[in-house]
Every structure is written in structure tokens, then in C-alpha cells.
Number of protein chains: 2
Amino acid sequence: MNSLAEENYLKALYKLGGKSNEVQTNALADKLSTKASSVTDMMKKLSDKKLVNYEPYKGVSLTKEGYAIAIGVVRKHRLWEVFLVDKLAFKWDEVHEIAEQLEHIQSAELIEKLDEFLDYPKFDPHGDPIPDKNGKIYQHLEVTLSQLEKSEKGIVVGVKEHSKAYLNYLDNLNLMLGTEVFIEDKVEFDSSMKVKINNAEVVTISNQATKNLYIKKLN
Amino acid sequence: MNSLAEENYLKALYKLGGKSNEVQTNALADKLSTKASSVTDMMKKLSDKKLVNYEPYKGVSLTKEGYAIAIGVVRKHRLWEVFLVDKLAFKWDEVHEIAEQLEHIQSAELIEKLDEFLDYPKFDPHGDPIPDKNGKIYQHLEVTLSQLEKSEKGIVVGVKEHSKAYLNYLDNLNLMLGTEVFIEDKVEFDSSMKVKINNAEVVTISNQATKNLYIKKLN
DNA sequence: ACATAAATTTAGACTAGTCTAAAAATATAT
DNA sequence: ATATATTTTTAGACTAGTCTAAATTTATGT
Ligand SMILES: [Mn+2]
Ligand SMILES: [Mn+2]
Ligand SMILES: [Mn+2]
Ligand SMILES: [Mn+2]
């Protein structure tokens, strides 16, 4: 069994390096809001447990087993988020902190039953794919809104940034998962876009915001 | 915010001493499967936080605030058990360990929404009363099966002992919450009882087992 | 190539929680 | 009343996880 701290390191490693990319000590420290020295200590421990490949000064990556654990934590996080939104009526900007806690509950049976109860969802409330029980995860290759050209059309399928501030901002624009967007115009100067939402009002969206919205192109 | 360890000490103190009874160091150590010296250390800390009244060598009791926290943990534990049994189809002997983890999730909003989702249950799967959001808890004054006399009738409303072994034993006898029991006979020698279950088969139940079953008398 | 900067590791300290063994306080039994 | 047993506390050590500051390694610029 792995501790809560170990699970969080493995998950961060997954988020930064995926299945096998090397991650640098400082990058991991930043992600976890901790210090590089703490990361080094933990990498030694996880290396001893054969959950990461670690060579001093050379960065670190997940082993097969470490990856499996990380993906399991991600699975739990996202399933709990679905539960909170679909069953308990939380809003999508309110669930992350609670899921950060719930993702560490240890019980394989619990998570399988939860999955069934939720009817085997494929995506979480932010459009992120949920790994299946075997750790298989659908990688969405959607473009971001910022990559659409003038007169192109698409559907919002996910968010890249999960901060409350950003999610609230999207709520205010009526931009949620499933919303249809049509590019009225792109402003060259600051890369902002004029976007028609659900065939109704047209709003201007900054590049900062368009970069963080995943879109599935239509037509 | 209190740590997981602190919450467990407070809960154990509630289970042993209720709202205000003095609890001895060793009793608490036993309950928590820890050592008396660890208890002493923690009592000092909780006393500093004004969650317990502690005088060296004199036992310890919950303060008003400590009681409120303990009852909150109990509320969470029991609500989660209802969720696991009613929504995820766990059996009543499978939920305790998972609830031990879930009871430490920190989010007032979560627990209120869970309560609503479960339709404000009054009792958990073992018949234990669930404190309401203000910490008010119904104290069931039911008798135990062992206290019934020959020819008396009652309904099973709760279990005193929560071990998997005991719950499985009850399952095998078809004794669950709501079951009707009728005392065919009491055996003086070993205090065992011959009990007719749901007006059908008659079984013999040891004193050890009858002492741990709460009954609401009928007639 | 060499100096400087950046990244990383090491050394040592700290907290929370636990333990064992010894000391001290309290209870019990004759 | 005094010895003995029980209970509780203290003293000191240990682990997990974290931090700061210093040392070391690697990268970069001229
Ligand atoms: Mn999240
Ligand atoms: Mn999410
Ligand atoms: Mn329980
Ligand atoms: Mn229960």
C-alpha cells in the first residue's frame, strides 16, 4: 500500500510526464508546491519501491507499476468528480478539492461499484477521460479553441485549465461542455477571438482563455 | 482543522465516554489499538486545543467542542455507510472499513448534500442512529434480545457488535434489521435462547449473540 | 576553456505520531 | 499501614515527510 504523499507524487509525475517521459525535479516540486529537496527524498523512496526510474541529476519517470498506480488515482479522482456533479449536484468548479481527498480512499471494490453506479462514464465533468478498470485511457486529440480558424465550427469537449476562476469565467460566457462555437473573427493583434455561442450571442474571448478550451471540430 | 489521528481519538472518546463521561488512558489505548503513552501524548495535545478535559492520572472527557467534532465524525461515518449499502449495494458487513476512511473527508457541503441525496436517513445499516446536522442524536433505549422473556415478541432494530464475523453469523440465521423474533424458550444453564424467526424456523442462539442484538419489544 | 548560473542533491533540523522501557502515582490487599 | 499490583506518565528513540542552507553537478555564455 502506498501513502497519500506517495500517491500524490506519482499522480503529479503522470500529469507532467505521462506514461514514460522524464520529469525534472524542479518541475515536480512546482507541481506539488513543495521543495526540490523534498522531491529528491521522495524519488529515492519511490525508486526503492520500483515505482519510478530515477538517476541523480537526470530526472525521473514512472515505471510500469508506478504508472498503473498513478492512473488508478486519476481514475478515482475523475469518477468521484462525476459522482459529485451528477449525483450530489455540485457545480463543476466545486468538485476538485473534494476529489483530491476522495481519490486516496483505498478499496478496489468501492471504485468498481461506484463506476457501475455512475453507469461507466467515459469523461469527468471537465471533459477529462476516465481510465477504465484496466488502466486504459482514451487520449483526446481535440484541438483547442485557439487553433480554430475564422468560420470554423466546433463543440466544447473539455477544459485544459481547472481553476475555479477559469471555470466561473466560462460559466459566465455560457460556455460549457457540449456548447457549439463558431469563429466569427480572429483578432490578429492580441490573438483574441470573436466567438458565436450556440448560434446566439457573440463574445470576445482572450487568447489566454481560448488556449485552454478543448474543441471537437464540426464539418 | 483536526488531523485524522485527532479525529479518531475524539471519536473513540465519544464511543467510550459519550457526551461527558471520564475515560481512562488504557481504555482509550485498547480501543485505538495503540499504547497508553501515545494516548497521554495525544491527550495533552487535545487538551491544549481545548477539545478534551484532561488532568494527569484522572482520566479524560470531551469538552463541548470536542464532542461536537466527535459527533460530526460519527455522522459522516454512518451516512457513508448508508450510501455504501443503499446506493452501491454493499452488504452490511462490508462497509465499516471503507467508512473508517470516508469519515475523514473534509467538506461540510459534501456531507449535507450526501445527507439530502440519501433522503435524510435516521439510522445506519446496523441500526445505529445518525446525528443530524446540528449534532442531535437519537439515543435508542431498546433492550437486547437477551433481555426478552419467554413468549415475548420483538423486532430486530440494531446490532451492538459490528464485527464481520457477527454480522455474517446473523445473516446465516436470517436475522436482519426488521426481522421479527419470538422467544420460544430460554435455557437457564448457558443463557442461550430458542428463538422463532419471522414466524418460521426456530433456532438456538448463544448468550454471546443475544446480548449484542437490539430489539424493540412488540405487544 | 573557463567563469558563472541554474538545477539538483546532501546535511541537518523540525513536526506529528508512534513505540519501549523506566519512573511515578494511584489503587488494592493483607 | 505497608507492601504489592495496576495505571499512567515521562524520557528517549524512531519513521514519514517536510524545510533551509550549503555543497555539488550540470548547463550556458563568452
Ligand atoms: Mn480535479
Ligand atoms: Mn476533472
Ligand atoms: Mn461502522
Ligand atoms: Mn454502522
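Chain letters run A, B, ... following the sequence lines, proteins first, then strands; residues in each count from 1. This is a predicted model, so every value here is computed, not measured.
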Participant: Could a donor-acceptor pair under 3.5 angstrom be found where the side chain of A:Ser37 meets the base of D:dT20?
Facilitator: yes

Participant: Between C:dA16 and B:Ser3, is there an OP1 or OP2 to side-chain N/O distance shorter than 4.0 Å?
Facilitator: no

Participant: Reckon B:Ser38 has a side-chain N or O less than 4.0 Å from the OP1 or OP2 of C:dT18?
Facilitator: no

Participant: Which is true for A:Ala36 with a 4.0 Å heavy-atom rule: it touches a base, it touches only sugar-phosphate, or it touches nothing?
Facilitator: base

Participant: Between P on D:dT8 and CE on B:Met43, what's the gap in Å once rounded to a whole number?
Facilitator: 12 Å

Participant: For B:Met1 and C:dT15, what is the distance between atoms CE and P respectively, to the nearest whole Å?
Facilitator: 22 Å

Participant: Is the distance from OP1 or OP2 of D:dT10 to the nearest side-chain N or O of B:Lys44 less than 4.0 Å?
Facilitator: yes

Participant: For B:Phe90, does the six-membered ring have the charged nitrogen or CZ of A:Lys113 within the cation-pi criterion, i.e. under 6.0 angstrom from the centroid and within 45° of the normal?
Facilitator: yes

Participant: Is there a side-chain polar atom (N or O) of B:Tyr54 under 4.0 Å from OP1 or OP2 of D:dT8?
Facilitator: no

Participant: Can you check side-chain hydrogen bond (donor to acceptor under 3.5 Å, both in side chains) on A:Ser163 and A:Glu161, steps first, answer last?
Facilitator: CA-CA 6 Å; A:Ser163 70; A:Glu161 149 93 39; 2.8 Å; yes

Participant: Please confirm whether the shortest side-chain N or O distance from B:Tyr9 to OP1 or OP2 of C:dT18 is below 4.0 Å.
Facilitator: yes

Participant: Nearest whole Å is fine: how far is D:dA16 P from A:Leu46 CG?
Facilitator: 12 Å

Participant: How long is the line joining CG of A:Leu28 and P of C:dT8, in whole Å?
Facilitator: 10 Å

Participant: Indicate for each nucleotide in nucleotides 2-7 of chain D, in 5' to 3' sequence, whether protein heavy atoms under 4.0 Å reach the base (B), only the sugar-phosphate (S), or nothing (-).
Facilitator: -----S

Participant: Could you point out which residue of B:Arg78, B:Lys11, B:Arg75, B:Lys76 forms a salt bridge (charged side-chain N to carboxylate O under 4.0 Å, His left out) with B:Glu103?
Facilitator: B:Lys11

Participant: Nearest whole angstrom, please: distance from the P of D:dT15 to the CG of A:Asp48.
Facilitator: 14 Å

Participant: Is the A:His77 ring parallel, tilted or perpendicular to the A:His96 ring (thresholds 30°, 60°)?
Facilitator: tilted

Participant: Roughly how many Å is it from CG in B:Asp41 to P in C:dT20, rounded to a whole number?
Facilitator: 13 Å

Participant: Go through it in stages, so that I can follow the logic: the residues are A:Val95 and A:Phe83, the test is side-chain contact (heavy atoms from CB on, under 4.5 Å), and I'd like the CA-CA distance, side-chain angles, deciding distance and then a yes or no.
Facilitator: CA-CA 9 Å; A:Val95 297; A:Phe83 169 71; over 6 Å; no

Participant: Looking at A:Phe117, I'd like to know if the NZ or CZ of A:Lys87 sits under 6.0 Å from its six-membered ring centre while staying within 45 degrees of the ring's axis.
Facilitator: yes

Participant: Find the distance B:Asn8:CG to C:dT18:P and express it as a whole number of Å.
Facilitator: 9 Å

Participant: Quick one: do A:Glu152 and A:Lys217 make a salt bridge, cutoff under 4.0 Å?
Facilitator: yes

Participant: Among D:dC19, C:dT10, C:dT18, which nucleotide sits nearest the side chain of A:Lys35?
Facilitator: D:dC19

Participant: Tell me which nucleotide among D:dT18, C:dT10, D:dT9 gets nearest to the side chain of A:Thr34.
Facilitator: D:dT18

